[in-house]
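On a predicted model such as this, the values are computed, not experimentally measured, just so you know. Along the sequence shown, residues are numbered consecutively beginning with 1. Whatever order the structure lists ligands and atoms in, that order sets their numbers, starting from 1.
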Amino acid sequence: MVEQREMIAAADDGIWTDAEPLLCCSVVPEASNTATFSFVAPSGAQFRYEPGQFLTLELPVPGGTVWKTYTISSSPSRPLTISVTVKAQAGSIGTRWMLDHLTPGMQIKATGPAGIFSLPRKEQKKYLFISAGSGITPSLAMTTYLFDRGTGVDVTFVHCAQRPQDIIARQRLEQMASRVPSIRLFFIVEEDDPYRVWTGLRGRLNQLMIGLIAGDYMEREVYCCGPEPFMDAVREMLIALGYDMDHYHQESFVAPVKREEQLPEHDDIIPDEETSATVAFSRSDVSAECKETDTVLAVARNAGIVIPSGCTFGVCGTCKVKKTAGDVHMVHNGGISEDDIEAGYILACCSKPIGSVEIDA
Ligand code: FES
């Protein structure tokens with residue numbers, strides 16, 4: 001009943017909220033083990049988000065629900081549908097389930113959109129998007145958005161793939177680039193496809209290639225997304241080239257490794273392994289003893305209480321819960337807004353109880 005009311009509210013407002021499930025409307029194969037899933041809102045609501053943001057999907061895999069965070073590959077300039085492009089890696093469970101079982105007509109729950117990896121509020125004149133593998137999705141969303149805006153912003157799009165057949169959404173990108181001179185595409189592959197000529201770049205992205213591809217890279221806002229070693233290599237390359245790293249943006253779905261100087265200054269409350277704490281989950285009527293160094297998410301899991309979670313390091317916002325009493329020590333990575341914190345919300349995955357805490361879960 002509550003859900004129904006929330007769904008009607010979403011429809012009245014005209015903008016989708018995650019109180020409403022997503023209805024899968026199409027599945028398009030992109031490459032091996034890779035597909036784009038598009039969704040509509042059953043209420044007819046439209047989608048509002050920033051290009052580059054992500055969604056966390058609740059996936060009913062055998063053995064229990066998993067929450068997986070995916071960058072939105074569609075553009076908010078096309079608000080009737082929202083899409084994610086996913087690639088199943090060896091051993092992946094949630095993404096594999098999507099590729100094998102999620103078909104048009106099915107509904108799934110989602111949280112978001114969220115994330116701060118997006119175009120700057122003040123539009124820049126020139127961008128350099130660099131991606132590898134399935135890290136292409138935010139660049140794809142941003143490029144589509146800039147293309148749709150039609151303001152002729154200069155985009156140099158560099159994507160690295162193992163083989164030509166692994167390049168995700170290549171035709172969509174080529175279609176945009178064929179229509180406007182402001183979008184230039186460069187694909188770099190490590191291996192050729194058998195029996196098909198590859199006339200593009202080969203090897204690994206390096207300083208020489210960047211100079212040839214975008215000689216004016218110093219003037220460009222750089223966005224990078226891909227596997228962690230790839231992004232490390234791009235960062236190091238740009239630093240070595242003397243690029244102003246204030247204009248460098250990087251997306252990551254693994255826990256950031258913080259250097260000592262980046263660690264937050266601790267306030268006067270530091271969780272202590274020797275000190276015990278109590279977390280009361282009011283809706284479940286469960287109270288659990290723990291250490292001050294345990295996260296609220298871990299305490300909930302041990303007590304058999306399900307709090308949805310995705311990244312587990314404070315980025316995606318999936319584990320947001322309301323704290324109704326007590327204090328926690330929270331060190332997040334941007335997955336919660338100041339307004340939410342002021343309203344009493346915490347991220348369970350990166351909040352540690354201080355003394356007695358009560359959570360609405
Ligand atoms: S699970 Fe992603 S912020 Fe907690």
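- Atoms of ligand 1 lying under 4.0 Å from at least one heavy atom of T312, given by number and element, are 1 (S), 2 (Fe).
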- F117/Y223 under ring-ring contact (aromatic ring centres under 6.0 Å, His included): CA gap, chis, key distance, verdict: CA-CA 9 Å; F117 185 71; Y223 283 74; 5.4 Å; yes
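- For ligand 1, the atoms closer than 4.0 angstrom to any heavy atom of V315 are 3 (S).
- Contact annotation: for L297 versus ligand 1, there are no heavy atoms closer than 4.0 Å.
- Surrounding NZ of K291 are at most 12 heavy atoms belonging to other residues, nucleotides or ligands under 6.0 Å away.
- Annotation: atom 3 (S) of ligand 1 to nearest protein heavy atom, G317 N, 3.2 Å.
- Note on C319: counted as a metal contact of atom 4 (Fe) of ligand 1, an N/O/S atom lying under 2.8 Å.
- The two residues V189 and P164 have their closest heavy-atom pair at CG1-N, 3.7 Å.
- The side-chain heavy atoms of P138 and C225, taken from C-beta on, include a pair separated by under 4.5 Å.
- What you find for F147 and R179 is that their closest heavy atoms are CE1-CB, 3.9 Å.
- Between F187 and W198, the angle of the ring planes lies from 30° to 60°, which puts this pair in the tilted group.
- Short contacts between ligand 1 and C311, defined as distances under 4.0 Å to a heavy atom of the residue, involve ligand atoms 1 (S), 2 (Fe), 3 (S).
- Within a 6.0 Å sphere centred on CD1 of I239, other residues, nucleotides and ligands contribute more than 12 heavy atoms.
- Atom 4 (Fe) of ligand 1 has no N, O or S atom of C316 closer than 2.8 Å.
- The ligand atoms of ligand 1 that sit less than 4.0 angstrom from a heavy atom of G314 are 3 (S).
- Residue C349 has at least one heavy-atom neighbour below 4.0 Å for each of these atoms of ligand 1: 1 (S), 3 (S), 4 (Fe).
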